[in-house]
There are 2 protein chains.
Amino acid sequence: MTAPITSKSGLPDFDLTRFLPYRLAVAAEKLSEGLARRYRTEFGISVPEWRVLVHLAHSGNVSVRDIEARVAMEKSKVSRAASRLEAAGYIAKEINESDRRLLQLSLTQKGRALMARLLPIAIAYQAEVAARLAETLQGFEAGLDRITGDKV
Amino acid sequence: MTAPITSKSGLPDFDLTRFLPYRLAVAAEKLSEGLARRYRTEFGISVPEWRVLVHLAHSGNVSVRDIEARVAMEKSKVSRAASRLEAAGYIAKEINESDRRLLQLSLTQKGRALMARLLPIAIAYQAEVAARLAETLQGFEAGLDRITGDKV
DNA sequence: TTGACACCGTTTCATATGCAACGAATACTC
DNA sequence: GAGTATTCGTTGCATATGAAACGGTGTCAA
């Protein structure tokens with residue numbers, strides 16, 4: 001915007017704590033932290049695994065590619081998360097017979113039971129965060145939309 | 001807030017794309033992405049290294065512990081970033097003679113020259129982001145403050 | 001058909017990470 | 001002062017990660 005003001009060091013003044021990429025990274029980590037730890041210690045579920053589970057609960061049979069696109073994770077990350085979830089018995093992998101390149105991932109009964117416990121926790125957490133944001137919630141979400149380009 | 005509405009699957013309805021920890025993580029990654037890649041490819045600097053450099057440019061001689069506290073990184077992460085920066089000749093490590101447990105990290109001349117190139121890029125990027133947020137910037141930052149607890 | 005090309009999911013490889021343990025240095029307590 | 005506790009920065013270890021390569025499958029055009 002304006003020309004950088006040089007300090008004694010000859011370098012432009014720059015405050016990391018006001019730098020938006022930094023602030024956002026710190027805030028994101030803080031927001032995930034508590035819930036992620038709880039999911040990990042109580043249920044043995046990581047964040048990538050949680051994202052896969054949520055998408056399966058929400059959308060039924062889905063391919064890895066599908067999840068990759070909708071859940072903002074590399075396909076290798078999705079693949080590994082899915083393998084762990086399968087090993088734990090929470091999801092099933094089947095081959096899509098109409099296109100044998102694709103997988104069909106789906107929740108098992110055990111997986112649905114897990115989600116029946118996880119989802120209410122997430123919903124409550126969302127409510128907590130919203131309460132914390134209070135009157136700033138609307139503006140905050142508007143900013144998020146701008147950044148991710150959902151609503152330009 | 002309200003009781004979860006059960007869908008056909010018997011699970012509560014839950015949309016990951018409205019979940020604040022998720023949205024924030026995605027937005028944070030998107031915001032860091034472009035700048036981080038540029039710093040990496042053009043200058044060979046990672047995000048942890050960048051944070052250390054900024055703090056040194058801003059605060060002169062500093063210990064690892066100091067950076068850990070102000071820059072939201074594990075001390076091992078700071079330590080490794082500092083070692084890489086020292087190997088690259090951007091910073092100097094000295095022992096603090098008044099407390100020989102502490103290090104004094106400082107920018108070398110080469111490090112200052114690097115920052116003279118990096119900082120204007122960051123400042124311009126910040127301006128870009130602010131422009132993108134436009135009238136939502138203020139509300140967005142207010143929300144960030146709520147989350148990180150800067151201003152309760 | 002056959003061949004070139006594109007796509008899907010997994011795996012390999014190099015690197016990054018968090019956590020705990022460690023040695024060195026200092027502070028505290030008696 | 002001696003012995004214990006604490007702090008600092010580094011490192012070892014197990015795991016997670018992104019990027020590229022790979023085998024298997026499907027598509028398209030001649």
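Everything numeric in this text was worked out from a predicted model, so none of it was measured. Heavy atoms only: backbone and side chains are in, while hydrogens, waters and symmetry mates are out. In what follows, every chain begins at residue 1, and chains take the letters A, B, ... in the order their sequences are listed.
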(message) Reading 5' to 3' and counting Watson-Crick or G-U wobble pairs with both distances under 3.5 Å, write the dot-bracket notation for DNA chain C, | for bases paired outside the strand.
(response) ||||||||||||||||||||||||||||||
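The aromatic rings of His58(B) and His55(B) sit parallel to each other, their planes meeting at less than 30°, with 60° as the upper class boundary. Ring geometry for Phe14(A) against Phe19(A) counts as perpendicular: the plane angle is over 60°, on a 0 to 90° scale with 30° as the lower cut.
Rounded to whole Å, atom P of dT7(D) lies 16 Å from atom CG of Asp66(B). In this structure, Leu103(B) places its CG atom 15 Å from P of dA24(C), rounding to the nearest Å. Regarding Arg100(B), its CZ atom lies at a distance of 13 Å from the C1' atom of dC8(D), rounded to whole Å. Distance CG (Leu105(B)) to C1' (dC8(D)): 12 Å, rounded to an integer number of Å. The distance from atom CD of Glu68(A) to atom C1' of dG9(C) is 10 Å, rounded to the nearest whole Å. For the pair Asp99(B) CG and dT6(D) P, the computed distance is 17 Å after rounding to whole Å. At whole-Å resolution of the value, CZ in Arg65(A) and P in dC7(C) are 8 Å apart. Atom CE in Met73(A) sits about 9 Å away from atom P in dG18(D), given to the nearest Å.
Closest approach of Leu11(A) to Arg112(B), counting heavy atoms only: CD2-O, 3.4 Å.
With rounding to the nearest 0.5 angstrom, the CG atom of Leu20(A) is 7.0 Å from the CD1 atom of Ile147(A).
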(message) Does the protein touch nucleotides 16-23 of chain C at the base, only the backbone, or not at all? Give it as B, S and - per nucleotide, heavy atoms under 4.0 Å.
(response) -BBB----
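In the hydrophobic cluster analysis, where Ile, Leu, Val, Met, Phe, Trp and Tyr join through side-chain heavy atoms closer than 4.5 angstrom, Ile91(A) is grouped apart from Val47(A).
Looking at the side chain of Arg101(A), the nearest of the listed nucleotides dC8(D), dT11(D), dG26(D) is dG26(D).
Residue-to-nucleotide proximity on DNA chain C shows that, of Leu102(A) and Ser98(B), the 5′-proximal contact is made by Leu102(A).
Taking 4.0 Å as the cut-off between side-chain N and carboxylate O, Glu135(B) and Arg146(A) count as a salt-bridged pair.
In this structure, the side chains of Glu68(B) and Ser63(B) stay at 4.5 Å or more apart for every pair of heavy atoms.
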